Amino acid sequence: MSIVSSFDINSEEVLKATDVVKKSDRFPKTVVVTFKDKVLELVKEMNGSKCIGEMNMGYTIPIYEVTYKGKSIAVYNTLLGGAGSAACMEEVIARGGEKFIFFGSCGTLDKNIAPGHFIIPSDAYRDEGTSYHYAPEGDYINVKTASKISEIFEELKLPNIITKTWTTDALYRETRGNMEKRKSEGCLAVDMECASVMAVGQFRNVDVFQFLYAEDTLDGICWDSRTMGKVPSDTYDAYLRTALNIAAML
């Protein structure tokens, strides 16, 4: 059986997240998810920040709670890749999370997109495995929350572009041929999680929002790292504040 036929809607999971963690009525309904430990360090320094739980994903992943503009928000630093992000998300849903805001860096398939520019995924190409266990087969999964997060970005007066993204779990197999195919279909970004987390959210009936910020680019004679590994702390703080503002406005 092909992986694209893995969606089994007719039987339940053998292992459920609720077998591992228990729901809490006090757990924040809104959750901000980062991929950078530097961002979590900023969260830990916020006034009133407190650790409200942990996940064991090969190593301990703490979950923090902050109050931002009067709203209780959970924050954690997830695993890279669709499979790891989906597993963490399942456990947080089981705890009581209902709205998720993912944010992190991406590569671009257009060198004219400047480093740091905000990108809102509208559809994600499913070049990974996780989404096929949560959604029927298909090349793309639609990001149903894209229009809402776009409205919020306009309200915050933050320049952005809305585009398809190429979600792949094969970081070192992003071939030029596949890159050109995705670009020809309208993908201007490449990431490792969007298709997976959107599929989980739609299957579990929770809202998942995502914005990306451009770093490296594949659009050139060779790969260009640009700002990757060179983002200053105050820029990470700005990205975090953007995510928290979105969370507060949902």
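If you're wondering where the values come from, they're calculated on a predicted model, not measured in any experiment.
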Between [Y] and [X], is there a side-chain heavy-atom distance shorter than 4.5 Å?
{"X": "T168", "Y": "V190", "result": "yes"}
{"X": "I149", "Y": "N160", "result": "no"}
{"X": "I119", "Y": "T165", "result": "no"}
{"X": "Y125", "Y": "K164", "result": "no"}
{"X": "I63", "Y": "V31", "result": "no"}
{"X": "H133", "Y": "F203", "result": "no"}
{"X": "V92", "Y": "F100", "result": "yes"}
{"X": "E13", "Y": "D19", "result": "no"}

**Message:** Please identify which of these residues, K183, R176, R226, R182, meets the salt bridge (Lys or Arg N to Asp or Glu O under 4.0 Å) condition with D219.
**Reply:** K183
**Asked** Does the side chain to side chain contact (heavy atoms under 4.5 Å, CB included) test come out yes or no for E193 and L80, once each step is laid out?
**Response** CA-CA 8 Å; E193 298 88 15; L80 291 177; 4.1 Å; yes
**Prompt:** Is the cationic atom of K36 (NZ for Lys, CZ for Arg) positioned less than 6.0 Å from the six-membered ring centroid of Y236 and within 45 degrees of its normal?
**Reply:**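 No, K36 and Y236 do not form such a contact.
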**Request:** Go through the steps for D37 and E41 under the test side chain to side chain contact (heavy atoms under 4.5 Å, CB included), then give the verdict.
**Result:** CA-CA 6 Å; D37 54 2; E41 290 301 316; 5.5 Å; no
Approximate separation, where rounding is to 0.5 Å, of [X] [atom1] and [Y] [atom2]:
{"X": "Y64", "Y": "S49", "atom1": "OH", "atom2": "OG", "answer": "6.5 Å"}
{"X": "T18", "Y": "E90", "atom1": "OG1", "atom2": "CD", "answer": "9.0 Å"}
{"X": "D207", "Y": "T30", "atom1": "CG", "atom2": "OG1", "answer": "9.5 Å"}
{"X": "Q202", "Y": "N142", "atom1": "CD", "atom2": "CG", "answer": "7.0 Å"}
{"X": "L42", "Y": "L240", "atom1": "CG", "atom2": "CG", "answer": "6.0 Å"}
{"X": "K71", "Y": "N245", "atom1": "NZ", "atom2": "CG", "answer": "11.5 Å"}

**Message:** Assess the residue pair V39 and N77 against the criterion (side chain to side chain contact (heavy atoms under 4.5 Å, CB included)); give the C-alpha distance rounded to whole Å, side-chain angles, the decisive distance to 0.1 Å, and a yes or no.
**Reply:** CA-CA 8 Å; V39 172; N77 180 22; over 6 Å; no
**Flag for E128-S196: side-chain donor and acceptor within less than 3.5 Å** =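 On atom types as modelled, these side chains qualify, holding a pair under 3.5 Å.
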**Prompt:** Are side-chain N/O atoms of D191 and T167 paired as donor and acceptor at under 3.5 Å?
**Reply:** yes
Are the side chain of [X] and the backbone N or O of [Y] linked by a donor-acceptor pair below 3.5 Å?
{"X": "R204", "Y": "I93", "answer": "no"}
{"X": "T145", "Y": "K148", "answer": "no"}
{"X": "S122", "Y": "V143", "answer": "no"}

How close do [X] and [Y] get, heavy atom to heavy atom, and via which atoms?
{"X": "W166", "Y": "T175", "answer": "CH2-O, 4.4 Å"}
{"X": "S85", "Y": "L79", "answer": "OG-O, 2.8 Å"}
{"X": "A195", "Y": "R126", "answer": "CB-CG, 4.0 Å"}
{"X": "A86", "Y": "V200", "answer": "CB-CG2, 3.7 Å"}
{"X": "P121", "Y": "F211", "answer": "CD-CA, 4.4 Å"}
{"X": "F27", "Y": "A74", "answer": "CZ-CB, 4.0 Å"}

Same apolar cluster (I L V M F W Y, side chains within < 4.5 Å links), [X]/[Y]:
{"X": "F118", "Y": "I101", "result": "yes"}
{"X": "F103", "Y": "Y76", "result": "no"}
{"X": "I52", "Y": "L40", "result": "no"}
{"X": "L158", "Y": "Y68", "result": "yes"}
{"X": "I3", "Y": "I141", "result": "no"}

**Prompt:** Who are the side chain to side chain contact (heavy atoms under 4.5 Å, CB included) partners of V21, not counting sequence neighbours?
**Reply:** E91, A94, R95
**Asked** Which residue, D224, D216, T217, forms the side chain to side chain donor-acceptor pair (under 3.5 Å) with T108?
**Response**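 Exactly one option meets the side chain to side chain donor-acceptor pair (under 3.5 Å) with T108, and it is T217.
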**Message:** Does N56 have more than 12 heavy atoms from other residues, nucleotides or ligands lying within 6.0 Å of its CG?
**Reply:**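 Atom CG in N56 is crowded, with more than 12 foreign heavy atoms closer than 6.0 Å.
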**Asked** Got a sec: does the CD of E185 have more than 12 other heavy atoms crowding it under 6.0 Å?
**Response** yes
**Item:** Validation row, ring centre Y213 to ring centre Y239 under 6.0 Å
**Value:**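 Yes.
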**Request:** Please assess M198 against Q210 for the test side chain to side chain contact (heavy atoms under 4.5 Å, CB included), listing each intermediate value before the final yes or no.
**Result:** CA-CA 9 Å; M198 292 301 162; Q210 185 168 26; 3.7 Å; yes
